[in-house]
Novice: 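Please read through the structure below; I'll follow up with questions.
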Amino acid sequence: MNEKIKVVVLACGQALPEPQGLRDSLAGAGLAARVVAEPCSSKIEVYQLLRILAREADMVWMIGCPETACQYLEGSSRMSKRVAYAQNYLIELNLEPQRLGMSIIAPGDAGVLKGVIAQIAEMAQVLGPLAFHAAGLAAKESTQ
Amino acid sequence: MIVGTRKALAEIQGMVSGYDRILLAGCDTCVAECAAGGKKEVAEMAAALQLLFCQAGQSKDIREVSVDRQCIHEFLLDVVAAAEQADAVVSLACGAGVQALASLLPHTPVFPGLNTLFIGETAQRGLWLENCRGCGDCVLGDTAGICPVSRCAKVLSNGPCGGAKEGLCEINISLKLDPPAPCAWLQIYDRLKALDQLDRLMVMRPPKDWSKAHSSGPRRVVRPDQQA
């Protein structure tokens with residue numbers, strides 16, 4: 001079942017300077033993964049998290065720096081608040097809030113990254129694909 | 001600034017579930033400032049409704065548009081144009097914006113995406129406070145710029161009720177507000193004292209003339225010099 005689960009990871013470029021390695025590791029764990037490098041986790045908005053879930057992913061994961069190490073000072077604290085806010089949307093939608101997750105990684109900490117990969121893979125196993133994605137239904141791209 | 005909050009998704013779903021092409025219209029002034037109805041919130045609601053309808057096995061064409069103000073007809077032209085491709089519109093403006101838009105779309109249903117709450121100010125990041133009820137009879141000149149109509153829970157006109165404790169309004173006991181609501185009349189006293197104008201408190205104000213508020217029906221302002 002795992003190969004059907006798609007995970008999109010939005011990662012701070014400082015916390016995860018080599019996103020390709022994470023993508024390969026998640027693929028190795030049987031997940032369809034896309035890793036997006038972000039300048040800072042604070043740049044990720046709630047609507048982006050929801051939109052990714054609506055259009056393509058079964059899980060979205062954010063990676064940021066430790067709060068005290070954020071080069072934009074408030075980025076990591078904003079990330080955790082936004083994830084919590086977006087999770088409330090999922091609760092309102094009767095979806096598992098764990099479909100939006102986050103991790104803190106100090107730049108270059110391979111040990112923590114390994115644990116994060118295991119955590120994402122395990123959560124994906126538990127949650128499975130979104131039912132409507134499995135049924136081939138995805139949101140159309142909104143137009144402005 | 002008009003402050004509002006988003007309606008529950010289920011309520012919005014109930015309003016628009018019968019329509020296939022739905023336009024979400026944001027307002028980028030007041031309700032954007034209170035993070036309820038601006039461009040970002042339109043995108044949020046679009047994605048959330050997409051999730052909601054996908055879960056229900058429905059595919060909807062949800063479009064987004066946002067303008068600077070929905071309460072001014074000239075600003076609504078972009079929304080009106082976008083609505084030509086929609087079966088229904090959800091406006092994330094205040095109630096005035098929703099009605100202005102509805103008046104320009106006689107053949108398209110327009111639904112509110114927000115609950116409009118009050119005229120207020122941004123007190124700090126993520127905190128908006130009510131400080132004007134549009135009573136039509138402003139007393140701020142007598143009360144040191146602090147409104148007892150909106151900020152005193154009992155709307156008292158001549159001083160505090162006696163229920164305040166440690167400078168805080170007694171509504172904090174039951175509502176457990178964070179941050180707590182101060183006693184507006186204590187604030188008025190402190191500010192008048194700082195301004196050396198405590199004598200203003202010695203003037204007894206008569207019962208408030210609520211006919212200038214909403215008790216005489218919908219209010220209007222007419223300015224012939226501004227009319228076409």
Side-chain angles (χ1 to χ4, degrees), chain A residues 6 8 10 36 42-60 62 72-75 77-100 127-144, chain B residues 5-14 16 20-26 28 32 34-67 78-79 81-86 89-90 92 113 124-127:
Chain A
K6 181 164 185 181
V8 171
L10 306 168
V36 182
S42 66
K43 299 298 176 191
I44 302 161
E45 301 284 352
V46 170
Y47 74 85
Q48 294 169 314
L49 301 173
L50 299 175
R51 187 180 280 174
I52 292 168
L53 277 180
R55 292 184 188 169
E56 60 170 310
D58 302 302
M59 277 177 61
V60 182
M62 295 171 69
Y72 294 111
L73 304 179
E74 293 185 339
S77 64
R78 286 188 186 182
M79 173 183 76
S80 58
K81 288 176 184 172
R82 286 180 189 172
V83 168
Y85 184 78
Q87 285 176 328
N88 283 332
Y89 264 108
L90 299 195
I91 293 167
E92 190 177 351
L93 290 161
N94 288 320
L95 291 170
E96 302 92 339
Q98 297 89 342
R99 290 189 184 277
L100 293 174
L127 296 173
L130 279 167
F132 64 86
H133 283 163
L137 193 61
K140 294 172 186 169
E141 190 166 337
S142 301
T143 51
Q144 290 189 317
Chain B
T5 53
R6 174 177 64 80
K7 281 184 175 290
L9 294 172
E11 184 180 351
I12 297 168
Q13 181 189 29
V16 299
D20 290 328
R21 301 178 304 169
I22 301 159
L23 177 67
L24 303 185
D28 283 332
C34 64
K39 194 171 184 178
K40 277 186 192 177
E41 292 75 33
V42 165
E44 260 179 45
M45 186 181 286
L49 288 177
Q50 292 280 21
L51 281 165
L52 195 63
F53 285 117
C54 282
Q55 277 185 282
Q58 296 175 299
S59 178
K60 301 283 188 185
D61 179 353
I62 298 178
R63 301 185 177 208
E64 303 166 30
V65 68
S66 203
V67 293
D78 287 347
V79 184
E84 290 177 6
Q85 306 297 318
V89 179
V90 176
L92 276 72
Q124 56 182 254
R125 269 171 48 180
L127 177 65

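Heavy-atom basis, side chains included; hydrogens, waters and symmetry copies ignored. In what follows, chains carry the letters A, B, and so on, assigned in the order in which the sequence lines appear, proteins first and then strands, with residues in each chain numbered from 1.
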Novice: Which atoms of B:A48 come close to chain A, meaning under 4.5 Å heavy atom to heavy atom: side chain ones, backbone ones, both, or neither?
Specialist: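 It is both, since atoms from each part get that close.
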Novice: Relative to chain A, which segment of B:Q58 carries a heavy atom at a distance below 4.5 Å: side chain, backbone, both, or neither?
Specialist: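 The backbone, not the side chain.
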Novice: Pick from A:N94, A:L53, A:L130, A:L95: which one has the most heavy-atom pairs with chain B under 4.5 Å?
Specialist: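 Among the listed options, the one with the most contacts to chain B is A:L95.
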Novice: For B:K40, does its backbone N or O pair with a side-chain atom of A:E45 as donor and acceptor, under 3.5 Å?
Specialist: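 No: the side chain of A:E45 does not pair with the backbone of B:K40.
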Novice: When you look at A:Y47 and B:E41, which way does the side chain to side chain donor-acceptor pair (under 3.5 Å) test go after all the steps?
Specialist: CA-CA 7 Å; A:Y47 74 85; B:E41 292 75 33; over 6 Å; no
Novice: Look at B:E44 together with A:R82 and state whether they make a salt bridge at an N to O cut-off of under 4.0 Å.
Specialist: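 Answer for the salt bridge query: no.
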Novice: Keeping the roles fixed (side chain from B:Q55, backbone from A:F132), state whether a donor-acceptor pair exists under 3.5 Å.
Specialist: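 Here the side-chain-to-backbone pair does not exist.
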Novice: With rounding to the nearest 0.5 Å, note down the distance linking CG in A:L50 to CG in B:L52.
Specialist: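 If we round to the nearest 0.5 Å, A:L50:CG and B:L52:CG are 11.5 Å apart.
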Novice: Please flag which part of B:A8 lies under 4.5 Å from any non-hydrogen atom of chain A: side chain, backbone, both or neither.
Specialist: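 Both parts, backbone and side chain.
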Novice: Work out which heavy atom in A:A54 is nearest to a heavy atom in B:A47; give both atom names and the distance.
Specialist: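 Closest heavy-atom pair between A:A54 and B:A47: CB-O, 3.9 Å.
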Novice: Using a 4.5 angstrom heavy-atom cutoff, name the option from B:M45, B:R125, B:Q13 with the most pairs to chain A.
Specialist: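 With the most close heavy-atom pairs to chain A, the winner is B:R125.
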Novice: Just verifying a value: how many Å separate B:L51 CG and A:R55 CZ, rounded to the nearest 0.5 Å?
Specialist: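 With rounding to 0.5 Å, CG (B:L51) is 10.5 Å from CZ (A:R55).
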Novice: Grab the two heavy atoms, one from B:A10 and one from A:E92, that are nearest each other, plus how far apart they are.
Specialist: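 Result for this residue pair: N-OE2, 4.5 Å.
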